[in-house]
Amino acid sequence: TCLQTAYNSLLKMSGDGEGNKERTFLMLKPDAVHRGLIADIIKRFEQKGFKLVAMKFVKASEELLQKHYEELKDKKFFPGLIKYMSSGPVVPMVWEGLGVVKTCRDILGETDPAKSKPGSVRGDFSIHIGRNICHGSDSVKTAKTEIALWFKDEELVDWEPATYSWVYE
Ligand code: ADP
């Protein structure tokens, strides 16, 4: 029916039918950790109203990072990327909310900090494409793969923020 079609397209706009439960994978990179920016960056996703579902502080193995960046394995910057990402601790996280994948990419800015607007994470905190502070999934589908790669099911915390009804109508 017409109503069903309208409903489906609404669902699509809100992220592949995930609605308020859409999830993304974000990861503070070693430069963010070394430069003492963990709290400043996480604050932006919290303040927006998104819900933190999982977070850890780890030194990632080269093997895990190679899987994470598998699609880039033929790029000439790949070895440098793996070296950078495995050189220090990272903060992998799962965040949830309506449109969280796209909105977090907007909050992060462009891959190249030089092309990122002031006000975005990369625009405010970084200069060089090889030290761009924070990762964010580029689609709902990629987010699912990345979440499964970095977190076990039992590490995803089930909770409802007390502010929920002040964030969503
Ligand atoms: P994004 O992280 O914005 O999704 P990509 O998936 O294209 O971007 O690249 C993954 C990561 O690889 C980037 O965030 C950046 O750390 C690194 N990278 C991309 N392009 C370059 C480059 N030309 N030189 C060095 N590092 C790069």
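We count ligands from 1, going down the list as the structure has it; atoms in each ligand are counted the same way. Positions are given from 1, in the same order as the sequence printed here.
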Passing option when L28 is tested against V91, I133, V90, V121 for side chain to side chain contact (heavy atoms under 4.5 Å, CB included): V91

ring-ring contact (aromatic ring centres under 6.0 Å, His included) partners of residues 59-88, not counting sequence neighbours, each pair once: F25-H68, H68-H135, H68-W150

Check residues 32-55 and write down every donor-acceptor pair under 3.5 Å in which the side-chain atom is one partner and the other belongs to a residue at least two apart or another chain.
residue, atom, partner, partner atom, Å
R35, NH1, F125, O, 2.7
R35, NH2, F125, O, 3.1
R44, NH1, G119, O, 3.1
R44, NH1, D124, OD2, 3.2
R44, NH2, D124, OD2, 3.0
K51, NZ, E96, OE2, 3.3
K51, NZ, W159, O, 2.6

For I147, the option from T142, T24, V94 that meets side chain to side chain contact (heavy atoms under 4.5 Å, CB included): V94

Co-members of W166 in a cluster of I, L, V, M, F, W and Y side chains, linked at under 4.5 Å: none

Show the distances, to 0.1 Å, for all pairs joining an N/O atom of ligand 1 and a protein N/O atom that are shorter than 3.5 Å, listing one pair per line.
residue, atom, partner, partner atom, Å
ligand 1, 3 (O), T111, OG1, 2.5
ligand 1, 3 (O), R122, NH1, 3.3
ligand 1, 4 (O), R105, NH1, 2.9
ligand 1, 8 (O), T111, OG1, 3.2
ligand 1, 14 (O), K29, NZ, 2.9
ligand 1, 14 (O), N132, ND2, 2.8
ligand 1, 16 (O), K29, NZ, 3.0
ligand 1, 16 (O), N132, OD1, 3.3

NZ/K56: more than 12 non-hydrogen atoms of other groups inside 6.0 Å: yes

